[in-house]
Every structure is written in structure tokens, then in C-alpha cells.
Protein chains: 2
Amino acid sequence: MNIGLLLYIPYRELENRIMAAVTAAGYDVTLAQARVLQRIGPDGTRLTELAEAAQVTKQTAGFLVDQLEKAGYVERVPDPTDGRARLVRITEKAQGALPVAGEEMARIEAEWEQHIGKRRMGQLREALEKLVEVTDPYR
Amino acid sequence: MNIGLLLYIPYRELENRIMAAVTAAGYDVTLAQARVLQRIGPDGTRLTELAEAAQVTKQTAGFLVDQLEKAGYVERVPDPTDGRARLVRITEKAQGALPVAGEEMARIEAEWEQHIGKRRMGQLREALEKLVEVTDPYR
DNA sequence: CTACTTTAATCAGAGTCTCTGACTAAAACA
DNA sequence: TGTTTTAGTCAGAGACTCTGATTAAAGTAG
């Protein structure tokens, strides 16, 4: 089995389950919206930064933020340090979703560790962290 | 850094580079088309099977196969064992793309091994193969 | 200070991907 | 034979993403 599929299959499982948990908790967010949402920092993040982090164009990021804003999950506030820019911030309404996602992620990691063992899980994480050094275009 | 992103970043790099290599070799295929294409077996595969393997609906798979067919990369032939079914087969035109993808993949794996070391690469593969046992819905 | 360049964001339009629901035809089964 | 299941298609809509052009603010060189 090729390494691409080996990386992708667990990733997709993780993403699907987290989305399901968030949806079950009553948050109506799509996958693309969630990918943007999780990149927003605690003090707000500029659209351009979000676009880079999520690997989409500014237009796409703007489109998704528009939807998130309409749904009340984010708000845009002026950036005090730059008159052109605005900061996208997570609203109180969306704050509750973060721990839901975090808990589901922890649950999944625990399941994985149970199956492959603590040692292998540690090796997996170590290898991936090293691999990200050469494959992440934003570091 | 969360495990999801750790899995996704190298995956995306792999996918992007393979797509770039295939495109550079003169094959005009989209990512979604490629995901279907790589699931087609040597003797042809049914649409329904492709849909399951690629994790999309039959309609979506059909839509992508239509495009691949128009571009001359696949053909549909009757399934001799089932009058309702048709086998999607890779045409000669598309055969050349497979080694291009394979070579790029091997090149990337070699680079990764160079960076993280042979030992870690082995551990990574071992851990992922074990992980796929519990995360692959199609096995 | 002024003119030029860059940067942040948006507007407009199009192409691609994916889905739900309804349907046809062949196969499998009771 | 009649019913149910399976393989695939048709129709329509929604979601995602892109390229190109534009506006406004900031930065920079003279």
C-alpha cells in the first residue's frame, strides 16, 4: 500500500469523526468552513493569513469567512495596526465547538494508541513531526 | 501540532507533487479524476467499486468517469458476468501516466527517507499500516 | 510632500466537484 | 412468477475553488 494512502486514510477518519462530533453537538459547519475556522488565532487572524494557512486563495477564504460570519461563528473587526486589514475573530457562539473537537480528537488518539501500542504511537508522531519539517510549505 | 495536521501536510505534499509530475508529462487530469483513475484495476473496475474505494457517491464517480472517458483516458466495456454492469478500463493513452506517478512517488519517498532516516521511515510505515487496520472503512 | 509600488481585501464570473432524489434495467431470490 | 436488490444513469442543486480586475491603505524613493 502506497505511503500516500497510508497517510490519507487515518487522516480522513480523524476529520470525519471530528466533523461528526461537532455536528452532533449542534454546530452547523461544513468541512471547508471548519478548515478555516481552526486556523483563527485567539486574538483574531487576517484573511490573508487564513488563506495561506489553509492553502486556498484569498477569495476562497473570504467566501468561507462570509458564510461563517452569516452563521454567527466569526466576526470581522478592524485591525488597529493596519487600516486596510480586518481581523477575523471567533465569536462566543463558536467558542463551544473548540472543546468538542478537542475532546473527540483526544478520544481518537487514545483509540489509536490502544490499537497500535504506545511505543508505535510515539514513533509515529516523532516520524511525522520530522517529516513535516520538509513538507510544510508554511514554516 | 495535532496528529491530523501531521498526517495531512505530508499527504498533501505528496499529492501535489505527483499531480505536478503527471501534468508536466502532458496528462491533463484533475485531482478528483486522478483519485478515481488510480483505483482502476488492471482488468477494469465497476463504477460502484470505484465509488466506494474513492469514497464518493456513484453519481460523482460516474461524473468523473464521464470526463475521463471524454478525454480518452478510460473506456467502458460491458461486464461479461453481469448485464447491468460495465467495467471501467484504463486506455493505452493513460497507461503512460502510471509509471510517471510511480517514479515521482519513489523519488519523494527517497527524499523523505533521506531526511528522517531509514529507521524512522520504517517505523512510520509500520505504524501507519497498523493504523490503517482500524481506520480503513473498506477492509 | 509626491509619485510609484506593494499589500489587504473585495467584486464578478466561471469551472469543478459533490450531493440528494428519482428512475431504468438486469439480477437474485422466495 | 413476483418481489427485492443491485448497477448505473438522469436531473437538479449546493458547495468549493479558481482567475482576473478593482479599491483603498500602507510603504518607499525621490
Side-chain angles (χ1 to χ4, degrees), chain A residues 8 12 15-16 19-20 22-23 27-41 43-71 73-89 138, chain B residues 8 12 15-16 19-20 22-23 27-41 43-71 73-89 138:
Chain A
Y8 183 58
R12 183 181 51 199
E15 193 171 60
N16 286 344
M19 282 307 296
V22 169
T23 301
Y27 297 93
D28 190 18
V29 183
T30 67
L31 189 52
Q33 288 166 11
R35 282 176 182 154
V36 166
L37 203 52
Q38 71 175 344
R39 303 293 188 147
I40 300 173
D43 303 319
T45 304
R46 290 187 190 176
L47 190 68
T48 302
E49 286 178 70
L50 287 180
E52 278 184 3
Q55 298 254 32
V56 294
T57 60
K58 286 188 292 181
Q59 292 91 323
T60 298
F63 172 79
L64 295 169
V65 168
D66 281 348
Q67 295 180 323
L68 287 166
E69 197 172 26
K70 259 178 216 146
Y73 294 128
V74 305
E75 57 187 354
R76 283 188 247 228
V77 298
D79 184 337
T81 70
D82 190 331
R84 297 165 300 179
R86 293 201 278 168
L87 294 174
V88 179
R89 281 204 313 213
Y138 295 95
Chain B
Y8 182 57
R12 182 182 50 199
E15 193 171 62
N16 285 345
M19 282 307 294
V22 169
T23 301
Y27 298 93
D28 189 18
V29 183
T30 68
L31 189 51
Q33 287 165 12
R35 282 176 181 154
V36 166
L37 203 51
Q38 72 175 343
R39 305 292 190 146
I40 302 174
D43 302 320
T45 304
R46 291 187 191 178
L47 189 68
T48 302
E49 286 178 70
L50 288 180
E52 277 184 4
Q55 299 255 32
V56 294
T57 59
K58 287 187 295 180
Q59 293 90 325
T60 299
F63 172 80
L64 295 168
V65 167
D66 282 348
Q67 295 179 323
L68 286 166
E69 196 173 25
K70 260 179 215 143
Y73 293 128
V74 305
E75 58 185 354
R76 282 189 246 228
V77 299
D79 183 339
T81 71
D82 190 332
R84 295 167 301 179
R86 292 200 278 168
L87 293 173
V88 179
R89 281 203 313 212
Y138 293 97

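Order of the sequence lines fixes the chain letters, A, B, ..., with proteins taken first and strands second; residue numbering starts at 1 for each chain.
For the OP1/OP2 pair of C/dT10 and a distance below 4.0 Å, the side-chain nitrogens and oxygens of A/Arg86 include at least one atom meeting the criterion. Within the 4.0 Å cut-off from OP1 or OP2 of C/dA8, at least one side-chain nitrogen or oxygen of A/Arg46 is found. Between D/dA15 and A/Thr30, no contact under 4.0 Å exists linking OP1 or OP2 to a side-chain N or O.
Of the possible donor and acceptor atoms, one in the side chain of A/Tyr73 sits under 3.5 Å from a partner among the backbone N and O of A/Asp28.
Counting only heavy atoms from C-beta outward, the side chains of B/Val74 and B/Leu37 approach each other to under 4.5 Å. Put simply, the side chain of A/Val88 reaches to within 4.5 Å of the side chain of A/Ile40, judged on heavy atoms.
Between A/Arg39 and A/Glu49, no side-chain nitrogen of the basic residue sits less than 4.0 Å from a carboxylate oxygen of the acidic one, so the salt-bridge criterion is not met.
Rounded to an integer number of Å, the gap from B/Arg12 CZ to D/dT17 C1' is 15 Å. The CD-C1' distance, from B/Gln55 to C/dC17, rounds to 16 Å in whole Å. Here D/dT22 presents its P atom at 15 Å from NZ of A/Lys58, a figure rounded to the nearest Å. We find that CD of A/Glu52 is positioned 17 Å from C1' of D/dT17, with the value rounded to whole Å. Note: CG (B/Leu87) to C1' (D/dG8) measures 13 Å, nearest angstrom.
Among the protein residues, A/Asp79 comes within range of no part of the nucleic acid, since none of its heavy atoms lies under 4.0 Å from any strand. Nucleic acid contact for A/Gly62: none, since no nucleic acid atom lies under 4.0 Å from a heavy atom of the residue. Contact annotation for B/Thr48: backbone-only contact, meaning every heavy-atom pair under 4.0 Å involves sugar-phosphate atoms and none involves a base.
In this structure, B/Met19 CE and B/Leu31 CG are separated by 5.5 Å, a value rounded to the nearest 0.5 Å.
Candidate nucleotides D/dT19, C/dA9, C/dC19 were compared by shortest atom distance to the side chain of A/Thr57, and D/dT19 ranks first. Of the candidates D/dA7, D/dA24, C/dT10, D/dA24 carries the atom nearest the A/Arg84 side chain, counting heavy atoms from C-beta on. Comparing atom distances between the A/Val56 side chain and each of D/dT17, D/dG8, C/dT10 picks out D/dT17 as nearest.
For A/Glu49 and B/Phe63, each mapped to the nucleotide of DNA chain C holding its nearest heavy atom, the one lying further toward the 5' end belongs to A/Glu49.
Applying the 3.5 Å distance criterion, the base of C/dG21 shares a donor-acceptor pair with the side chain of B/Gln59.
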